[in-house]
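Comments concern the structure below.
In what follows, every chain begins at residue 1, and chains take the letters A, B, ... in the order their sequences are listed.
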Number of protein chains: 2
Amino acid sequence: MHRGLTIGDFSRITHLSVRTLRRYHEAGLLEPEEVDPYTGYRYYSTAQVPTAQVIRRFRELGMPLREIREVLATADPDARAALIGRHLARLEDELDRTRAAVTSLRRLLEPAVPPIEVELRVEPTTTVAAVRATIDLKEANAWYGGAMEEIDRALHTAGLTPSGPPGGLYGNELFTEERGDAVVFVPVADPPAAGRVHPFVIPAAELAVTVHRGPHDDIDVSYGALGTYVTEHTLAVAGPVRENYLVGPRDTDNPDAWRTEIGWPVFRTTG
Amino acid sequence: MHRGLTIGDFSRITHLSVRTLRRYHEAGLLEPEEVDPYTGYRYYSTAQVPTAQVIRRFRELGMPLREIREVLATADPDARAALIGRHLARLEDELDRTRAAVTSLRRLLEPAVPPIEVELRVEPTTTVAAVRATIDLKEANAWYGGAMEEIDRALHTAGLTPSGPPGGLYGNELFTEERGDAVVFVPVADPPAAGRVHPFVIPAAELAVTVHRGPHDDIDVSYGALGTYVTEHTLAVAGPVRENYLVGPRDTDNPDAWRTEIGWPVFRTTG
DNA sequence: GTCAGGGCTCCCCCAGGGGGAGGGTCAAAG
DNA sequence: CTTTGACCCTCCCCCTGGGGGAGCCCTGAC
């Protein structure tokens with residue numbers, strides 16, 4: 001009786017290991033053309049070779065088996081392209097993160113890392129034009145851009161001039177739960193209301209403040225310095241973190257020139 | 001009693017999860033400054049924050065914990081740079097593979113994939129100047145370049161002209177075990193011997209032959225077509241695979257113009 | 001009929017975590 | 001000084017995408 005290729009033959013043709021082929025069978029990714037009901041032997045057909053090779057490519061791209069199965073099950077070319085595009089976008093993201101980590105690592109390992117200076121300062125109440133939302137940490141950058149644009153438009157429409165650099169308030173849970181409240185604002189004496197933009201009052205507070213220099217890839221280092229300062233001075237953190245974009249993407253295209261003031265509201269403990 | 005930061009405090013400062021910190025402790029990557037022998041409570045110091053951040057960067061680069069520990073334990077800056085450089089090289093490799101997979105995937109998913117033509121042909125005995133070695137599949141490309149260069153020099157020194165395009169012989173175990181015998185050769189009437197270069201006779205054989213067009217990123221597709229052809233014509237493979245580089249990197253910088261002839265020595269089975 | 005090579009299932013292992021159970025501790029508030 | 005709630009501990013199972021190996025059955029060429 002002439003059956004298809006044994007799993008070993010198929011393995012040699014596709015360069016997928018026998019184990020991997022069995023796993024793909026189990027996962028419903030690549031069902032053998034025929035399975036002998038008595039012996040359990042898997043038999044593949046030569047027509048399945050191209051499918052196996054497509055799977056191999058997707059795996060080389062790190063696509064999870066679930067998604068590969070989804071892609072293969074999707075007949076509609078548009079939907080298929082969308083699934084693939086989504087994964088390619090993820091790859092891009094990952095690449096960006098890798099790039100950021102490389103540059104930031106280089107900076108961290110440089111012998112002459114200047115110590116980060118932290119100072120304690122009392123900030124008065126400020127009125128601002130703000131947009132607030134609950135966001136995921138991942139989408140923070142995109143959200144920030146849109147919100148800032150909207151505030152700019154609102155100020156422009158109202159003919160108002162900012163009284164200081166833009167900034168943001170970030171709830172601490174954003175950093176522990178990857179999701180939380182965020183406010184982006186521009187200080188202005190008499191804030192307008194338009195669309196998502198609303199007047200907002202930032203309360204006075206005692207702040208532990210430092211200035212982060214350069215792109216935000218390694219901003220956690222400055223956060224770490226603040227953490228060190230706060231604990232060493234037996235202070236505690238109260239309320240959302242403040243960032244002031246002294247020099248930011250609106251001012252220069254060179255991220256190395258960016259200056260970000262980070263302020264942690266603190267209070268003294270009996271420690 | 002004033003002890004260091006609890007694991008929760010340290011987690012908030014470094015943005016590493018509590019679980020992850022415990023794992024790093026267990027792995028000897030980041031030992032807490034103090035561990036209470038009675039309660040098992042871990043206490044960290046603010047001086048450990050920078051270390052934690054360096055670890056975070058390495059992890060974002062996908063460096064295994066073992067290697068991070070190694071890097072942190074290495075005091076000598078040169079040795080340290082070497083370790084890091086090795087990992088960055090691996091990242092580059094991975095990036096190349098990803099790029100290759102993307103282009104190859106695009107090709108595979110293009111609607112108009114021309115069917116691959118396979119023909120059966122008898123190849124006569126050929127004398128060649130060859131370099132042979134047992135290699136890993138991964139290092140095949142680098143090895144190939146060096147060997148080919150050596151053959152070129154030997155022919156040039158001896159004042160000989162190749163009688164055909166260069167080629168290679170690859171034992172089947174190379175593709176199943178990732179390691180095996182390989183021969184790279186240039187056909188020539190009267191082969192010289194110099195260094196690793198030796199005369200060699202490629203035996204006559206009946207070949208199933210196809211021509212692969214373009215870069216080698218998706219050469220396994222052509223191999224798959226050969227596999228399909230061979231099994232559908234109830235043939236069997238005997239001996240190492242042959243590749244002839246009709247148009248290769250020596251001829252053009254445009255990989256899309258490459259032409260690689262792949263020949264599988266076959267014999268008829270009773271099927 | 002024999003026998004090697006190859007197929008089958010099942011279980012354990014890896015990294016680098018996440019989730020949760022069950023129980024002990026710490027520190028601020030009453 | 002006790003309570004209480006937040007925090008910490010260990011231990012176990014889960015995930016993905018495989019690899020290694022044990023123990024047993026099947027196939028096919030001679």
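For B/A100, the side-chain contact (heavy atoms from CB on, under 4.5 Å) partners at least two apart in sequence or on another chain are B/D217. With sequence neighbours excluded, the residues that form a side-chain contact (heavy atoms from CB on, under 4.5 Å) with B/Y144 are B/M148, B/Y170, B/V184, B/Y245. Take B/H25 and apply the ring pair (Phe, Tyr, Trp, His ring centres under 6.0 Å) test, not counting sequence neighbours, and it matches no residue. Contacts of B/Y24 classified as ring pair (Phe, Tyr, Trp, His ring centres under 6.0 Å), with partners at least two apart in sequence or in another chain: none. For A/L226, the side-chain contact (heavy atoms from CB on, under 4.5 Å) partners at least two apart in sequence or on another chain are A/V118, A/A208, A/T210, A/I262, A/W264. With sequence neighbours left out, A/A133 forms a side-chain contact (heavy atoms from CB on, under 4.5 Å) with A/I135, A/W143.
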**Request:** Classify every nucleotide of nucleotides 16-22 of chain C by which part a protein heavy atom approaches to under 4.0 Å, writing B for the base, S for the sugar-phosphate alone and - for neither, in 5'-to-3' order.
**Result:** BBBBB--

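One can place CZ of A/F10 at 13 Å from P of C/dG7, the figure rounded to the nearest angstrom. Rounded to a whole Å, the CD1 atom of A/I7 is 17 Å from the P atom of D/dC26. Counting to the nearest Å, the C1' atom of C/dA15 and the CD1 atom of B/I68 are 12 Å from each other. At whole-Å resolution of the value, CZ in A/R22 and P in C/dC11 are 15 Å apart. Taking atom CD of residue A/E26 and atom C1' of nucleotide D/dG18, one finds them 11 Å apart after rounding to whole Å. Atoms CD (A/E67) and C1' (D/dT16) sit 13 Å apart, rounded to a whole Å. Rounded to whole Å, the distance from CD on A/E34 to C1' on D/dC26 is 15 Å. Atom CG of A/D9 is separated from atom C1' of D/dG28 by 13 Å (rounded to the nearest Å).
End-to-end axis angle of the helix from C/dG1-D/dC30 to C/dG30-D/dC1, using five pairs per end and rounding to 10°, comes to 20°.
Looking at B/V221 and B/D218, their side chains come closer than 4.5 Å, going by heavy atoms from C-beta outward.
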Which atom pairs, one a donor and one an acceptor, fall under 3.5 Å between side chains of residues 85-95 of chain B and the rest of the protein, sequence neighbours left out?
residue	atom	partner	partner atom	Å
B/H87	ND1	B/R90	NH2	3.0
B/H87	NE2	B/L61	O	2.8
B/R90	NH2	B/E67	OE1	3.2
B/R90	NH2	B/E67	OE2	3.0

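Side-chain polar atoms of A/R80 and A/T74 form no donor-acceptor pair below 3.5 angstrom.
Sorted by first and then second residue, the salt bridge (Lys or Arg N to Asp or Glu O under 4.0 Å) pairs involving residues 222-235 of chain A (not counting sequence neighbours) form an empty list. Listed by first and then second residue, the ring pair (Phe, Tyr, Trp, His ring centres under 6.0 Å) pairs that reach into residues 44-81 of chain A are A/F10-A/Y44, sequence neighbours excluded.
The stretch residues 37-45 of chain A comes close to DNA chain C through A/T39, A/G40, A/Y41, A/R42, each having a heavy atom under 4.0 Å from the strand.
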